[in-house]
Amino acid sequence: MADTRISGLVALTGAAAADGDLLVVVDISDSTMAGTGSDKSITLSQFATAMRTRVTAGGDASGPLSALVLANSGVAAGTYGTATQVPRTTYDAKGRATAVSLVTISTAGSSPFAIVAPGIGGIVGDGVTNDTTAIQTILSANAGATIFALEGTYAAAGLSLPNDTALLNDPLATWLLNSNSVNLFDSIGSRCQLRGGTYNGNGFGTGYNCYPIRVTGDDSTIQGVRVINSPAMSIQLEGADRTLIDGCHIQSLRSYNSAFCTLSNSWILGEAVHVILDSSGTASDGWTFSNVTQVYTGAGPIDYVFTIQSQIQPGTLMTNVKIDNLTIIISGSGTGTNRPVGGLSAVGVADLEADGIHIKVSQSIRNEAVEFAGNIGMHVDNLTVEANGLADVCGIVHDCLDWELEKITLNDPTTAAAGKKALVIYSDVAAGCRRGKVSMAKAVLQSNSQAPAYWIEQAGAGVIDDIELLDCDVMGNPTNGTGTVPVSLHGTMSNIRVKGGYWRDFDFPMEYGNVTGLRVEGVQTGGTVARPNVWYNPTGSPSGLVMIDNSWQFGAGAPGATFGWRGAEYVNLSATTTTTRKYIETDAASGGGGTTWANYTTSA
């Protein structure tokens, strides 16, 4: 172009060209321009047309502006990544992808981990679509591997987690049961891990079906899971030895014939915990319950809220059960038969060790707050029951052999109804069967009813033998009238020792039956005692009574009653009237026999 003025083009762009700038070369022929010589000109539309059709680019692009061609980055066009592979991309300094490779994240039988997530392997994860088949395909293909479940709601039923497989859940991963006839996870195999996530029973099932989690293999771990909306059992163990359930928030747990398992650091907000040895006879030994809180808030008829039971005792017992810091709170809304039978029940257990059991009853229950029955070798320490007038009995020990209770508090302070008792020790064993040593130390019992605080009864033909009540305090209520008594001994029993303790606010001190060898020593009384000089009339032929250093007085009851003891010894006792001493002396003269006196004093 003969008359092209470069300076004019520079002025048109507004700046001088610098090194590295896109060089724009405009070739405008004379025929394009109007005029002649130095007066030739071009219109803006003519200039724009020339720019669109004639401009060229260098460096990362080529061709006219109307059809630029980018330089080849070295990455082929296409879609990268599969259900088992993710892309690994390399970029240069200008942000261009220069290389892409695929990294395998899951290969059946060999990969370190796999993923369950919406969009992978046909999984939808919307909580509506049935993802059972797609999820089971991934679980089965990755047996023995670690599987991560990402955020999503997975509607499924009848899933199986293969042996040696770990399923680790994102905190926002939810498993939703979508069948009213099949368990969500129907089988957790051996040596599996199920960690985190929420398992929603979707309201399906009652009683013992439609479980969110069913464990059938040994040595598996259930940790940090949350189970909601599950009327059936949250977790069911069936022959699943050495299962660890830790740090979970569930609604219920049921275990059949599973041994050496642990339930720890968990909340159970719902129906019940049942650990059962059933008629198949498979062992359920070695259970440990540690730092567990059970809160019952239901309105339906259930048995005990927390049950540890051999259903085939006395033939076969569960053994080596340990309880460490168990709290049970009963606060449901049911009435009549739609109430729990009781709080804790431990039945048919050998070698039961418990330290720290707290039961609070805020709803009326049908029977006792805590029951120990048919156990052999039981030691319970730091047991507290707050019955609040809502239980017929705070605690019952039924047909147990060789057991000890230490530092227990059974408190029923609010109801004065007749028949409620703080503690019942009961046996209806066959003839000739004797109970072993029973030791209860540092117990505090409070009964506000017209009934004994301790009720020790032999109902069958056997014998309750060797009982100790050591430094146990009993608190009654002085307004309840006749019938309130700290200790009641009924039936045939022997070698009963009561030593220490403070008894206050009752009608009369003790009542007894056919007792051989009763020693009461160092018991102090106080508060309001309606009949401090009355020792309740016996039944049968009691013998071997020893009374030493007790602060209350003894008599035969109403005038003309027969005291009936043979071989009674009174040491350092006092009587408020000569009439009291007269009853005792009369008894000795009229057939009691063998009564001796030492430092016995009376007042005028």
Side-chain angles (χ1 to χ4, degrees), residues 275 277 285-289 304 306-310 313-314 316-324 326 342-359 367-385 393-410 421-430 433-445 452-460 462-472 487-501 515 517:
V275 177
L277 171 63
D285 303 335
W287 265 84
T288 298
F289 303 92
Y304 289 87
F306 203 108
T307 301
I308 307 167
Q309 180 182 24
S310 168
Q313 58 91 23
T316 303
L317 303 180
M318 295 174 61
T319 63
N320 298 312
V321 174
K322 292 180 173 57
I323 300 174
D324 180 19
L326 169 65
L344 169 66
S345 175
V347 178
V349 179
D351 299 322
L352 170 63
E353 292 284 338
D355 187 357
I357 299 174
H358 180 207
I359 301 174
N367 288 339
E368 56 275 346
V370 58
E371 172 196 45
F372 300 108
N375 302 325
I376 299 176
M378 177 179 72
H379 182 91
V380 178
D381 201 359
N382 294 307
L383 166 66
T384 301
V385 173
V393 178
C394 287
I396 185 169
V397 179
H398 184 200
D399 286 329
C400 292
L401 176 66
D402 193 12
W403 56 271
E404 296 179 330
L405 299 180
E406 293 192 45
K407 296 187 288 295
I408 69 169
T409 300
L410 305 179
K421 305 174 181 68
L423 177 67
V424 173
I425 303 171
Y426 179 82
S427 179
D428 59 1
V429 295
C433 182
R434 300 171 69 87
R435 300 292 83 185
K437 178 182 178 180
V438 174
S439 177
M440 186 156 52
K442 294 180 171 55
V444 178
L445 279 73
Y454 294 91
W455 180 283
I456 304 174
E457 180 178 9
Q458 171 61 46
V463 176
I464 292 181
D465 181 55
D466 201 0
I467 295 178
E468 291 181 331
L469 305 179
L470 305 176
D471 297 319
C472 298
V487 176
S488 177
L489 309 175
H490 279 235
T492 303
M493 57 193 69
S494 60
N495 299 317
I496 314 298
R497 295 174 301 284
V498 181
K499 184 175 182 179
V515 180

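Residue numbers start at 1 and run along the sequence shown. Predicted model, so just to flag it, every value in this text is computed and none were measured.
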Just wondering, do E468 and E404 contact through their side chains at under 4.5 Å, heavy atoms? no
State, with a plain yes or no, whether a side-chain heavy atom of L489 is found less than 4.5 Å away from one of I467. no
Approximate separation, where rounding is to 0.5 Å, of I323 CD1 and I308 CD1: 4.0 Å
So among T409, L344, I408, which one has a side-chain contact (heavy atoms from CB on, under 4.5 Å) with L383? I408
Between I359 and A369, which heavy-atom pair has the shortest distance, and what is it? CD1-O, 3.6 Å
Return the OG1 to NZ distance between T384 and K407, rounded to the nearest 0.5 Å. 11.0 Å
C400 versus G374, closest heavy-atom pair with distance: SG-N, 3.8 Å
Are E368 and V424 packed together at the side-chain level, in the sense that at least one heavy-atom pair is separated by less than 4.5 angstrom? no
Strictly distance-based, threshold 3.5 Å: is any side-chain N or O of N375 a donor or acceptor partner for the main-chain N or O of L352? no
How about I357 and F306: do any of their side-chain heavy atoms sit closer than 4.5 Å? no
Would you check if V380 and F372 make a side-chain contact, meaning some heavy-atom pair closer than 4.5 Å? yes
Are any of the side-chain heavy atoms of F289 and L326 separated by less than 4.5 Å? no
What's the separation between atom CG in L410 and atom CG in L405, rounded to the nearest 0.5 Å? 8.5 Å
Straight-line distance of W287 CH2 to M318 CE, nearest 0.5 Å: 8.0 Å
Working to the nearest 0.5 angstrom, can you tell me the gap between E406 CD and C472 SG? 10.0 Å
Within a strict 4.5 Å, meaning less than it, do heavy atoms of the K322 and D355 side chains meet? no
Can you tell me how far apart CG (D324) and CG (N382) are? Round to the nearest 0.5 Å. 10.0 Å
Taking every non-hydrogen atom, the tightest pair across G348 and S310: O-CB, 3.5 Å
If you draw a 6.0 Å radius around NZ in K499, do more than 12 non-hydrogen atoms from other residues or ligands fall strictly inside? no
